[in-house]
Amino acid sequence: MSSAMSTAESDPAADPAADSASAPAAEEPTPTGQMLRIWQRFRTDRWALIAAGYLGLLVVVAVFAPWLAPHDPERQDLLQAFGGPSWEHWLGTDELGRDELSRMLVATRISLLAVAEAVGIAVAVGVPIGLLAGFRGGLLDRIVMRLNDLVFAIPALVLVMLVIAVLGTGLGPSMAALGLVFSTGFIRVSRNAVTAIREETYLAAAQVIGVPTGQLVRRHVLPNALGPIMVQLALQCGVVLTIEASLSFIGLGAQPPDVSWGTLLAMAATSIQGADTLLVVWPGVAITVTVLALNLVGDGLLAALKPGRGRRMSRIRPGRRRRAETVPQPTPTATTTTTAATEPAREPDDAEPLLRVSGLTVTAGETRVVSDVSFDIAEGEVVGLVGESGCGKSTIALALMGLLDDQRRVAAGSIRLAGTELVGASATDWERTRGHGLAMVFQNPQTSLNPTMRIGDQIAEPLRLAGHSARTARAEAVALLEKVGVPDPARRARQYPHEFSGGMAQRAMIAMAIAGRPKLLIADEPVTALDVRVREQVLDLILDLRAEFGMAVLLVTHDLGVVADACDRTIVAYAGELVEQAPVEELFRAPAHPYTHGLLGARPVALTGRRLPTIPGSVPAPGQWPDGCRFQSRCAHAMTDCSAAAVPTITLTGDHRSRCLRAQEHPWL
Ligand SMILES: Nc1ncnc2c1ncn2[C@@H]1O[C@H](COP(=O)(O)OP(=O)(O)OP(=O)(O)O)[C@@H](O)[C@H]1O
């Protein structure tokens with residue numbers, strides 16, 4: 001076994017993708033992660049950039065309006081009424097001889113303040129509610145969204161009129177009412193953004209290191225939901241500006257002596273004649289150009305957000321098979337428990353192993369997707385969980401981590417870690433267990449890391465949660481990166497995930513997972529997404545760390561080659577249940593279930609030009625499992641009894657079990 005610090009591993013050349021990650025262009029750390037990348041894409045849109053510049057200028061004008069105004073905006077001079085543009089009055093004067101430029105400047109301030117009030121309220125109310133509903137999901141989400149639909153159905157102007165009727169005219173109350181109505185848009189946008197982000201693996205990865213909910217939303221969800229919220233913000237500002245102008249135009253908005261662009265428009269509209277037409281033009285142009293600029297900024301943000309989203313957990317599929325070269329000489333350490341198909345969950349005993357899963361059943365709605373799964377993992381043991389796609393491997397792994405999605409739940413059974421029951425544990429207990437008791441590494445490392453956080457900060461997060469100071473946690477993060485074989489760890493710790501190759505990102509994920517010194521590391525297809533040359537190194541790394549820290553490992557894989565290389569013992573899943581458990585060597589030498597035999601035969605080893613044998617048919621979907629043996633329709637050795645009743649698990653030797661009626665005679669050998 002090579003060391004985690006071996007030359008091959010610490011050499012970026014050993015990881016082809018690492019080369020590109022180390023290229024000078026990619027080396028510079030970006031200062032603000034996701035937001036900076038949005039900005040970098042945004043600034044390539046020239047029109048959006050010009051529009052943003054205009055809006056920035058407008059804000060400056062609004063702030064300094066009283067000082068920028070060349071005249072007192074309220075000073076009347078009837079002799080100068082309706083004076084056209086001149087050196088003294090660049091935009092002319094109104095019907096009372098007041099300087100139009102000065103009035104436009106202060107009107108800018110009032111209009112922008114009105115927009116800020118309405119949109120500020122909309123964001124303050126809408127974003128937290130949307131984030132909470134999206135993050136919690138379930139009943140809360142449904143209630144919030146139905147109420148949202150109800151408020152959204154009320155025309156904004158009707159509600160504003162109602163508020164004005166009760167509280168009187170004025171910008172303050174009407175903009176507040178508008179803010180409440182428009183909060184519905186922010187609720188929807190932030191809720192949808194969070195719902196999408198909830199599927200991202202990096203959120204689950206943060207949960208597995210024990211990040212509490214509040215911090216999860218603040219540090220992992222909000223920064224990634226900011227993009228769509230900003231787009232909504234830009235577009236909503238334009239709408240509010242138009243509505244404010246309309247209200248002020250009909251006299252229900254800004255009240256004298258305050259003037260907004262809408263007020264100026266209304267005053268000018270009463271005196272459209274000859275040169276005075278210009279009085280309509282100034283506020284009209286200001287409103288039009290500002291709304292246009294806001295829309296351009298919104299479009300620019302939308303375009304900047306399009307690229308760069310990660311793949312979701314539900315979209316991650318296993319890659320190609322890996323060739324099994326050798327069968328290791330296993331050292332069985334576990335005491336595997338005896339189980340039967342109908343056996344109830346076992347009672348804990350004094351000699352309980354590190355992990356004891358008993359009768360675990362997971363349902364999706366009314367349908368069972370995993371049923372009556374029982375197995376043990378001893379301290380320091382490496383157990384492979386294998387099976388074709390759809391057999392329930394990931395569901396079992398996620399159930400162990402307490403990370404099943406809303407659709408699935410543990411319906412029965414027990415999961416005991418070091419004697420502590422986890423089924424039915426409170427959210428706080430789970431937060432305590434994840435990170436220290438259990439940790440998980442996912443299939444796709446690049447989507448398992450938060451794109452908006454520096455690698456070092458992500459690794460330091462569980463250490464900070466454990467009470468380390470920021471400085472110690474940062475130093476430990478660098479040490480962990482070094483331990484997992486990341487070259488130049490201090491510099492790499494300051495980088496963002498997109499600057500890491502697949503192999504390096506998986507090493508960083510592993511560093512994050514082991515930061516809390518977990519007793520059991522669950523690795524769900526940890527090398528499937530990696531380049532074939534990097535797979536071996538990452539697998540070696542996991543085994544080296546297991547030896548160093550004494551942690552047990554549950555290696556979820558569809559690849560028996562990985563099992564042969566890395567595991568002490570194997571459990572085989574088929575159609576939501578376990579069909580065989582055995583030490584690796586015994587499983588490869590004398591498989592006691594025809595499904596295991598089929599999987600072994602389908603390995604691309606020692607090919608001699610003939611076609612790769614496959615198991616005919618496919619795994620029956622949950623809800624379509626037959627009575628009796630679930631493998632019967634694909635089995636060449638099935639008998640009448642196989643469909644008669646549920647097949648119990650029988651024990652062949654102390655730690656070799658099979659769920660097959662013909663396990664003793666094994667006619668497939
Ligand atoms: N959220 C869900 N709601 C309903 N059914 C689900 C859900 N997730 C998975 N399933 C079903 O549960 C079964 C087991 O899926 P699971 O992902 O655990 O299998 P797997 O062996 O890990 O497959 P893969 O290797 O493709 O990930 C599948 O039939 C799948 O369709």
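Counting starts at 1 for both ligands and their atoms, following the listed order.
Applying the 4.0 Å criterion to heavy atoms of T395 picks out, from ligand 1, the atoms 14 (C), 15 (O), 16 (P), 18 (O). Remark: ligand 1 atoms within the under-4.0 Å shell around heavy atoms of S394 are 17 (O), 18 (O), 20 (P), 22 (O), 27 (O). Atoms of ligand 1 found under 4.0 Å from any heavy atom of E388 (numbered from 1 in listed order, with element): 21 (O). Atoms of ligand 1 lying under 4.0 Å from any heavy atom of K393, numbered from 1 in the order shown and given with element: 18 (O), 19 (O), 20 (P), 21 (O), 22 (O), 23 (O), 25 (O). Close contacts of ligand 1 with Q407, meaning ligand atoms under 4.0 Å from a residue heavy atom, involve 1 (N), 3 (N). Which parts of ligand 1 touch D405 is read off a 4.0 Å heavy-atom cut-off, strictly below it: atoms 1 (N).
Results of the side chain to side chain contact (heavy atoms under 4.5 Å, CB included) test with I650 over R657, Q664, H656 single out Q664 as the only residue that passes. With V538 as the partner, the side chain to side chain contact (heavy atoms under 4.5 Å, CB included) test is satisfied by one option alone out of V527, V484, L543: V527.
Within the 4.0 Å heavy-atom cutoff, R408 counts among the residues contacting ligand 1. A621 does not count as a contact of ligand 1, since none of its heavy atoms falls under 4.0 Å from the ligand. Note on ligand 1: G387 sits outside its first shell, no heavy atom being nearer than 4.0 Å.
In terms of N/O distances under 3.5 Å, ligand 1 is approached by C391.
H558 and E388 share no donor-acceptor pair across their side chains, judged by distance under 3.5 Å alone.
The aromatic rings of H498 and Y496 lie parallel to each other, their planes meeting at an angle below 30°, with 60° marking the opposite boundary. Between Y574 and F631, the ring planes are perpendicular. Angles over 60° get that label, and only those under 30° would be called parallel.
Rounded to the nearest 0.5 angstrom, I415 CD1 and E421 CD are separated by 7.5 Å. With values rounded to the nearest 0.5 angstrom, I522 atom CD1 is found 5.5 Å from L554 atom CG. Atom OG1 of T395 sits about 4.0 Å away from atom CZ of R408, to the nearest 0.5 Å.
When A397, A364, P622 are ranked by how near their heavy atoms come to atom 29 (O) of ligand 1, first place goes to P622.
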